[in-house]
Amino acid sequence: MQDFHKLQVWTKAHTLTLQVYRQTRQFPREELYGLTPQMRRAAASVATNIAEGCGRGGPKELAQFCQIALGSASELEYQLLLAKDLGYLEEASYQLLDGQTVEIKRMLTALVARLREA
């Protein structure tokens with residue numbers, strides 16, 4: 001078992017989740033049951049799966065949950081683009097959130113590779 005708080009990728013994922021929640025507060029009311037909860041769920045799923053993987057038996061299980069987190073990050077990456085294209089996110093906000101998402105995906109990919117070597 002590993003403490004997820006000590007993983008830099010989890011810290012970045014948690015920060016991204018908080019930012020997604022803040023940004024989606026500004027989305028139109030009509031998205032209250034559409035894009036808003038989808039983006040929040042995808043963002044939270046990244047950090048959640050990392051945390052859950054840390055609570056499992058060992059590196060193999062953590063790698064599996066990091067793969068799931070990677071999928072959620074890819075889902076969020078598209079949803080951010082959609083929000084920008086719909087005019088819900090300003091370009092600067094989109095660039096910031098997308099850049100953080102891509103960085104987290106890179107970190108997860110590297111972590112999974114290291115865990116699979118172990």
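Small disclaimer: the values here were computed from a predicted structure and weren't measured.
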Inset, instruction - Measure the shortest side-chain to side-chain distance between Q2 and K6 over non-hydrogen atoms and say whether it is less than 4.5 angstrom. - result: no
Inset, instruction - Show the numbers, then the answer: is there a side chain to side chain contact (heavy atoms under 4.5 Å, CB included) between V102 and E77? - result: CA-CA 8 Å; V102 169; E77 189 175 12; 3.4 Å; yes
Inset, instruction - Report the residue from L81, I104, V20, L97 that forms a side chain to side chain contact (heavy atoms under 4.5 Å, CB included) with L76. - result: V20
Legend entry - Verify same cluster id: L80, L96 (apolar side-chain graph, 4.5 Å): no
Inset, instruction - For the residue pair W10 and H5, categorise the inter-ring angle as parallel (less than 30°), tilted (30 to 60°) or perpendicular (more than 60°). - result: perpendicular
Legend entry - Within 6.0 Å of CD in Q8, more than 12 heavy atoms from elsewhere: no
Legend entry - For Q100, the option from Q19, K12, K105 that meets side-chain hydrogen bond (donor to acceptor under 3.5 Å, both in side chains): Q19
Inset, instruction - State the CD-CZ distance between E75 and R41, to the nearest 0.5 angstrom. - result: 8.5 Å
Legend entry - Backbone of G58 reached by a side-chain donor or acceptor of E61 within 3.5 Å: yes
Legend entry - Nearest non-hydrogen partners of S72 and A42, listed with the distance: CB-O, 3.6 Å
Inset, instruction - Provide the closest heavy-atom pair for A83 versus M39 in the form atom of the first, atom of the second, distance. - result: CB-SD, 4.1 Å
Legend entry - ILVMFWY cluster, Y78 and L70 together (side-chain gap under 4.5 Å): yes
Inset, instruction - Answer yes or no: is there a side-chain heavy-atom contact under 4.5 Å between N49 and C66? - result: no
Legend entry - Within one Ile-Leu-Val-Met-Phe-Trp-Tyr cluster: M107 and L7, side-chain cutoff 4.5 Å: yes
Inset, instruction - Look only at the side chain of T24 and the backbone of T36, and say whether a donor-acceptor pair between them is shorter than 3.5 Å. - result: no
Legend entry - Note, L35 side chain near F27 side chain (heavy atom, < 4.5 Å): yes
Inset, instruction - Could you pull out all residues at least two apart from E117 that satisfy salt bridge (charged side-chain N to carboxylate O under 4.0 Å, His left out)? - result: none
Legend entry - Euclidean distance, S93 OG relative to Q26 CD, rounded to 0.5 Å: 7.0 Å
Legend entry - same_hphob_cluster(L62, V9) at 4.5 Å side-chain heavy-atom cutoff: yes
Legend entry - Same apolar cluster (I L V M F W Y, side chains within < 4.5 Å links), L108/I68: no
Inset, instruction - State, yes or no, whether a side-chain contact exists between V46 and L16 at a heavy-atom distance under 4.5 Å. - result: no
Inset, instruction - Determine, step by step, whether E31 and Y88 satisfy the side-chain hydrogen bond (donor to acceptor under 3.5 Å, both in side chains) criterion, reporting the C-alpha distance in whole Å, the side-chain angles of both residues, the deciding distance to 0.1 Å, and the verdict. - result: CA-CA 10 Å; E31 290 297 341; Y88 302 159; 3.1 Å; yes
Legend entry - Side chain proximity check, R116 to Q67, heavy atoms < 4.5 angstrom: yes
